[in-house]
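What follows is a single structure, written as C-alpha cells, with notes after it.
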Amino acid sequence: MRMTALHAPTLKEAPKEAEVPSHALLLRAGYLRKEAAGIYSFLPLAMKVLARIGRIVREELDRAGAQEVLLPLIQPAELWQESGRWTKYGPELLRIKDRKDAEFCFSPTAEELIVSLVRRDVRSYRQLPLNLYQIATKFRDEVRPRAGLLRGREFIMKDAYSFDADEAAAGRTYQAMYDAYTRIFQRCGLEFRPVEADTGAIGGSRSHEFQVLAETGEDSIVSCSQCTYTANVEKAELLAPSASDAPATAVLRRVDTPGKRTVEDVAAFLGTTPSRLAKTLLVVADGKPVAALVRGDHELNLVKLKAHLGATEIELAGEALVRELTGADVGFAGPVGLPAHVDVVADPAVLALSAVICGANATDQHFADVVFGRDLPRPSAVDLRLAHDGDPCGRCGGAFRFFRGIEVGHVFFLGTKYSEPMGCTFLDQDGKERPMVMGCYGIGLTRIMAAAIEQNHDADGIKWPVPIAPHEVVVLPLNADDAEVLSTAERVYRELLDLGVSAVLDDRDMRPGAKFKDADLVGFPFQIVVGKRGLAEGNVEFKVRATGEKGTLTVAGASQSLTERIRTARGGA
RNA sequence: CGGGGAAUAGCGCAGUCUGGUAGCGCGCGAGCUUUGGGAGCUUGAAGUCGGGGGUUCGAAUCCCCCUUCCCCGACCA
C-alpha cells in the first residue's frame, strides 16, 4: 500500500470529544470518524485491523468446530415476543416498523433468531452437536454510549451459539469455546484474564468474561492473591466470617437517635463502630419489596441480590415506598417489625455478629442489642456485599486484589433457557423428544480494537501488537527528491511484499519529521527508514515501535532480516 | 433518567459579560525557498456562528423554545 493512495486522514490535534486514549488515537490516526453518539464510520486502516482480528477469530472458532453463518440484522418482533424479550429487553432494543406497519428490531444479539433457524431443520440427535457463529454489526441503544468504541451503540461482534444433546456434551462445548477464546486473545497479543461473571439478562448457569486489563476499563475485577479465583466484582464470592463474639445476653432495647440517618452518625452517636450496625436496604425486585441486611461498614451488591432472587429487575426502593413499609423517614429502616410480605435476607457478615444495632422502623429511633433468632427470625444467609480490596476470597480466604478490565469476550452456559420455551427440540436415541442444551459466546471485535490500544499506546500514538496491526511495517523514504533514496525504498518495499509482509510505502512528498510523526501515530509495529545519511554507508535503519529499539541493516539484507523478525512476532497460527 | 459542560471554517479555539455586519493557530490550494522528528515567506479558498422564534435600526452576542454532543452517576451479554 502506498501512503499517497491510503485514505488515512491524520489530525494534529485530537477532537475534543475524545477522553480515553483509544478514542482519541483512533480519531487522530485516521481510523475512525463519528457519525452520531456511539455510531462510527470505519476507515481503511480500521478495516485492516478488524480483518486481522476477524481472521484470528474465524481460524480458532473453525478449529473448535464452529461454522460461520450470517443472520439478519433486522429481525421480526414475533420471535422476540415468543421468548418474552420483546418486553423484557427494554428501550435498549431499537424497534422499527416496515411500510406494512409490521414490527422489527435491530439485532442486539441473536438467541431467538438462531433458535428459530435451528429448530426448523434439526430434528435428531444425529445432527448434534451444532455450533454456529457470525461476525456482524449489532445495535444496542445504550443509555449512555461513551469512550468511543469501548461502549458504542453500533458495534461489530462475533456471536456463536451451540446446541448439544445433553448437559455433559454442552459442558464440553463450553470448555472448547473457553479454550478457543483463550487462544484468540493470546494471538491478538492482549494481556487478559478469564473471570467468573454474573449471567445477567442473558441468563444461564455458568459464565466467564474475558477481560483485557486496562486502567480505563469499566469493569472491576478481583483476583485472589493466593489461589486462581478471578471474578467480576459483581460476582466475587467472599468468605463468610465465623461468629467471634460471645453470645449476647443483653435484651433488645429501643434508643433515641434524633436526626441520625447515616451509619456513621448512628455509630458515632452510640459510641460504637459501623461494623456493629446492620444496614437495612429496601429494594424492589420485580415489583416485590425485599429487605437486605449488610454490615454497616459494607456495601450492598445489587447484582448479587438480583441473582439470588432470580429477579429480572431490581432497584433501591424510593422514599415513598420506604415510608410506607417502615412507617418512618428514610434512614431508620430495620428488619424488626417489617410488614410480613417483605422478605428479609442478610449477608453472613451481619449474621456473624452476636448482636446488632439497626433501625427501629420509627423516625429518630434505633434498636440495640438485636439478636437474630431471638428478636426476629434468623434471615437466610446470602452473600450480598460488594467486595473490596483486601477482602477474603470465597474459595481460599486469601486477600482479593482489584483490577480494571475491558470485557472483550463472554461465554455463557445457557442450558435450556431458550430451547425449552421456544420448542427447539430433538429426538434422542430412545425416540424421546428433548430440548437442546445451549451455550452462547460473544466477542466484541471493535472493542478488541479499542482495548488493544488502551493497553498499547504512548504519547506519540498507537503501538499495535503485530498480529492485529493494520500493516506490519512502514518504509519511510526521507528525501523525496533523492532518486537513490526513492529507488532503495521502493526496492525494500517490493521485497517485503514479495516475502509476504504487509508493508506500506510512505511515498508522500512530506518532510521527514511529518512522516516520523505519522508512522508513530498510526502505530505500524516496524519502521524502515531510508535516508541519504545511511545510504552513504549502504545501510537503512529500522525502529521497533513498541520498544523503541533502533538499529541498522544493509540495504541488501534489510527485507530478509526484518521479515524474520516479523514472522516470529506474528505468533503461532 | 439525575448532575455538570459544550455547539463559531475540516480540527483546536478566541469573540458573547458591555449588540455595530466574524477572527487566530493548524489543516487545505497556488508560488518560491527548504528537507533526519509535524519548515519559512507570499498569496488564496473556505463559516446558514447547532435549529426555530422573539427583542432591536441592527443579534454569534440579549430573551424563550428545541436539537445534538461530551463528562460524572444510575444503567448495561
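Side chains included, hydrogens not; waters and symmetry mates left out as well; all remaining heavy atoms used.
Remark: A/Y31 engages A/W464 in a ring pair (Phe, Tyr, Trp, His ring centres under 6.0 Å) (not counting sequence neighbours). Contacts of A/F210 classified as ring pair (Phe, Tyr, Trp, His ring centres under 6.0 Å), with partners at least two apart in sequence or in another chain: A/Y178, A/Y181, A/F185.
Proximity of a side-chain donor or acceptor of A/R119 to a complementary backbone N or O of A/C424 within less than 3.5 Å is not detected. Within the 3.5 Å criterion, the main-chain N or O of A/P477 finds a donor-acceptor partner in the side chain of A/K515.
Atom NZ in A/K16 sits roughly 11 Å away from atom P in B/rC70 (whole-Å rounding). A/E17 places its CD atom 14 Å from the P atom of B/rC72, with the value rounded to the nearest Å. Atom-to-atom, CG of A/L486 to C1' of B/rU35 comes out at 13 Å; the value is rounded to the nearest Å. Protein atom CG of A/L27 is 11 Å distant from nucleotide atom P of B/rC70, rounded to whole Å. Separating the OH atom of A/Y40 from the P atom of B/rC69 is a distance of 10 Å, rounded to the nearest angstrom. Between the CD atom of A/E142 and the C1' atom of B/rA74 there is a distance of 13 Å, given to the nearest Å. As a whole-Å value, the separation of A/N301 CG from B/rC76 P is 12 Å. Between the CD atom of A/E407 and the P atom of B/rC76 there is a distance of 13 Å, rounded to whole Å.
Distances from the side chain of A/R144 to the nucleotides B/rG36, B/rC72, B/rC1 place B/rC72 closest. With distances taken from any side-chain atom of A/K34 to the nucleotides B/rG73, B/rC69, B/rG12, the minimum falls on B/rC69. In the set B/rA74, B/rG36, B/rC13, B/rA74 carries the atom at the smallest distance from any side-chain atom of A/R146.
Here A/K306 reaches the OP1 or OP2 of B/rC76: one of its side-chain N or O atoms lies under 4.0 Å away.
Nucleotides B/rG15 and B/rU67, compared at atom C1', are 24 Å apart to the nearest Å. Annotation: B/rU42 and B/rC24 have their P atoms spaced 13 Å apart (nearest Å). Rounded to the nearest Å, the gap between the P atom of B/rG19 and that of B/rC57 is 15 Å. Spacing of P atoms, B/rU16 relative to B/rG20, comes out at 9 Å, to the nearest Å. Comparing the P positions of B/rA59 and B/rG51 gives an interatomic distance of 15 Å, to the nearest angstrom. Straight-line distance between the P atoms of B/rG5 and B/rC76: roughly 28 Å, to the nearest whole Å. Remark: the separation of the C1' atoms in B/rC66 and B/rG29 is 39 Å, to the nearest Å. If you take atom P in B/rG25 and the same atom in B/rA14, they sit 16 Å apart, rounded to whole Å.
Considering all non-hydrogen atoms of both residues, A/S83 and A/W80 come closest at OG-O, 3.2 Å.
Residue contacts for A/A14: at a heavy-atom cut-off of 4.0 Å it reaches the sugar-phosphate backbone alone, with no base atom in range. Within 4.0 Å of A/P108, counting heavy atoms only, lies at least one base atom of the nucleic acid. Using a 4.0 Å heavy-atom distance criterion, A/E209 is classed as making no nucleic acid contact. Among the heavy atoms of the strands lying under 4.0 Å from A/A147 are primed sugar atoms or P, OP1, OP2 only; no base atom is included. If you check every strand for non-hydrogen atoms under 4.0 Å, A/G534 touches a base.
Between A/R545 and A/D458, some side-chain heavy-atom pair lies under the 4.5 Å cut-off. When side chains are defined from C-beta on, A/S22 does not count as touching A/L149, because their heavy atoms never get closer than 4.5 Å.
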Sub-3.5 Å pairs of nitrogen or oxygen atoms, protein against nucleotides 37-42 of chain B:
{"unit_1": "B/rG37", "atom_1": "N1", "unit_2": "A/D520", "atom_2": "OD2", "d": "3.1"}
{"unit_1": "B/rG37", "atom_1": "N2", "unit_2": "A/F516", "atom_2": "O", "d": "3.4"}
{"unit_1": "B/rG37", "atom_1": "N2", "unit_2": "A/D520", "atom_2": "OD2", "d": "2.3"}
{"unit_1": "B/rG38", "atom_1": "O2'", "unit_2": "A/K12", "atom_2": "NZ", "d": "2.7"}
{"unit_1": "B/rG38", "atom_1": "O6", "unit_2": "A/R28", "atom_2": "NH2", "d": "3.1"}
{"unit_1": "B/rG38", "atom_1": "N1", "unit_2": "A/D518", "atom_2": "OD1", "d": "3.0"}
{"unit_1": "B/rG38", "atom_1": "N2", "unit_2": "A/D518", "atom_2": "OD1", "d": "3.2"}
{"unit_1": "B/rG38", "atom_1": "N2", "unit_2": "A/D518", "atom_2": "OD2", "d": "3.3"}
{"unit_1": "B/rA39", "atom_1": "OP2", "unit_2": "A/R511", "atom_2": "NE", "d": "3.3"}
{"unit_1": "B/rA39", "atom_1": "O4'", "unit_2": "A/R511", "atom_2": "NE", "d": "3.3"}
{"unit_1": "B/rA39", "atom_1": "N9", "unit_2": "A/R511", "atom_2": "NH1", "d": "3.3"}

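Remark: A/D509 CG is loosely packed, at most 12 non-hydrogen atoms of other residues, nucleotides or ligands lying under 6.0 Å away.
Where A/D481 and A/E13 each meet RNA chain B at their nearest nucleotide, the meeting point lying more 5' is that of A/E13. Each of A/Y441 and A/V529 lies near RNA chain B, and the nucleotide nearest A/V529 is the one positioned closer to the 5' end.
Under the Watson-Crick and G-U wobble criteria, each requiring two contacts below 3.5 Å, nucleotide B/rC41 is paired to B/rG31. The partner of B/rA6 is B/rU68, judged by Watson-Crick or G-U wobble contacts that both fall below 3.5 Å. Remark: B/rC62 base-pairs with B/rG54; criterion is Watson-Crick or G-U wobble with both hydrogen-bond distances under 3.5 Å. Base pairing of B/rC24 is made with B/rG12, judged by Watson-Crick or G-U wobble geometry with both donor-acceptor distances under 3.5 Å.
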Show the numbers, then the answer: is there a salt bridge (Lys or Arg N to Asp or Glu O under 4.0 Å) between A/E103 and A/R95? CA-CA 7 Å; A/E103 291 191 293; A/R95 293 147 224 253; over 6 Å; no

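Judged by distance alone with a 3.5 Å cut-off, no donor-acceptor contact links the side chain of A/R140 to the base of B/rC76.
For the pair A/K550 and A/E541, the salt-bridge criterion is not met [side-chain N within less than 4.0 Å of a carboxylate O].
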